[in-house]
Amino acid sequence: MKQRPKPRRKRPDRRLYGALVGAVMAVLSATFLWQSEGESVATPFARNYDFSCEVAYVNDGDTLRCQDGTRVRLHAIAARETDGSCSPGHPCPGASASASKAALERLAGRRINCVQTGTSYRRVTAICDNEQGVEINCGMIRSGAAVIWDRFNRQEPICRPRP
């Protein structure tokens, strides 16, 4: 008895597969490059800001005061207190208090535009962009001057384009 040959399974066109893998890699590379450049690249998305702030001074790595007296707490990040400590139950970054404060002074500059996310201890919590369109909250995380506070980031994520 003669055995019939097994039917050959048709394989997908390798050129199509290669093109698909190449396209996926290109998208992932572009996304990674955009994210890794972080604070030097302004996000191309328009934002609807709730308020603007002329920065009077920076308290520490996650809080600043506007000329009009408004205190702004950057949403979903945690930095060391001015004395170098970390509050109990709060995430604690490796950066010193002075390094975090200096990073926020550099990122914020003179004027910021913010989207309010809530309030905390008579402060407005917000996601803010500097005059170059860089999201300050995300810039603080990427610089290592602050850490992301997952509890609040789950409520309103930072480090992503917002329409």
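The shown structure was predicted, so the numbers you read here are calculated from the model rather than taken from an experiment.
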Query - Hphob cluster co-occupancy, Val124 + Leu107, side-chain heavy atoms under 4.5 angstrom - result: yes

Query raised in the report: Could you state the interatomic distance from CD1 (Ile158) to CD1 (Ile136), rounded to the nearest 0.5 Å?
Result: 11.5 Å

Report task. Identify the heavy atoms of Asn113 and Ser52 that sit nearest to each other, and give their distance. Result -> OD1-OG, 2.6 Å

Query raised in the report: Distance from Phe51 atom CZ to Thr70 atom OG1, nearest 0.5 Å?
Result: 6.5 Å

Query raised in the report: Atom CZ in Arg65, atom SG in Cys53: separation rounded to 0.5 Å?
Result: 10.5 Å

Query raised in the report: Is a side-chain N or O of Gln116 found less than 3.5 angstrom from the main chain of Gly118, in a donor-acceptor match?
Result: yes

Query - Straight-line distance of Asn130 CG to Ile112 CD1, nearest 0.5 Å - result: 9.0 Å

Query - Check: Glu135 side chain, Cys159 main-chain N or O, donor-acceptor pair, under 3.5 Å - result: yes

Query raised in the report: Within the side chain of His75, is there an N or O that forms a donor-acceptor pair under 3.5 Å with the backbone of Asn137?
Result: no

**Report entry** Side-chain (Arg80) to main-chain (Pro93) donor-acceptor, under 3.5 angstrom
**Finding:** yes

Query - Nearest atoms (heavy-atom pairs only) where Cys128 meets Val72 - result: SG-CG1, 4.0 Å

Query raised in the report: Which atom names give the shortest non-hydrogen contact between Leu74 and Met140, and what distance separates them?
Result: CD1-CG, 4.4 Å

Query raised in the report: For the side chain of Thr63 and the backbone of Asp60, is there at least one donor-acceptor N/O pair under 3.5 Å apart?
Result: no

Report task. Decide whether Thr125 and Ser120 meet the rule of one side-chain donor and one side-chain acceptor closer than 3.5 Å. Result -> no

Report task. For residues Ala56 and Gln67, report the shortest heavy-atom separation together with the two atoms involved. Result -> CA-NE2, 3.7 Å

Query raised in the report: If every non-hydrogen atom of Ala108 is compared with every non-hydrogen atom of Val55, which pair is closest and at what distance?
Result: CB-CG2, 4.3 Å

**Report entry** Pairwise distance CD(Gln155) to OG1(Thr117) - rounded to 0.5 angstrom
**Finding:** 8.5 Å

Query raised in the report: Thinking salt bridges, do Arg111 and Glu54 make one under a 4.0 Å N-O criterion?
Result: yes

**Report entry** Distance-minimising heavy-atom pair for Val115 and Asn48
**Finding:** CG2-O, 3.6 Å

Report task. Please collect all ring-ring contact (aromatic ring centres under 6.0 Å, His included) contacts where either partner lies in residues 109-150, sequence neighbours excluded, each pair once. Result -> His90-Trp149, Trp149-Phe152

Report task. State the CG-CZ distance between Asn59 and Arg123, to the nearest 0.5 angstrom. Result -> 8.5 Å

Query - 4.5 Å side-chain heavy-atom contact, Ile127 and Cys138 - result: no

Query - Residues that Ala79 engages under side-chain contact (heavy atoms from CB on, under 4.5 Å), provided they are two or more places apart - result: Asp62, Ser100, Ala146

Query raised in the report: Under 3.5 Å, is there a donor-acceptor pair between the side chain of Asp129 and the main chain of Cys114?
Result: no

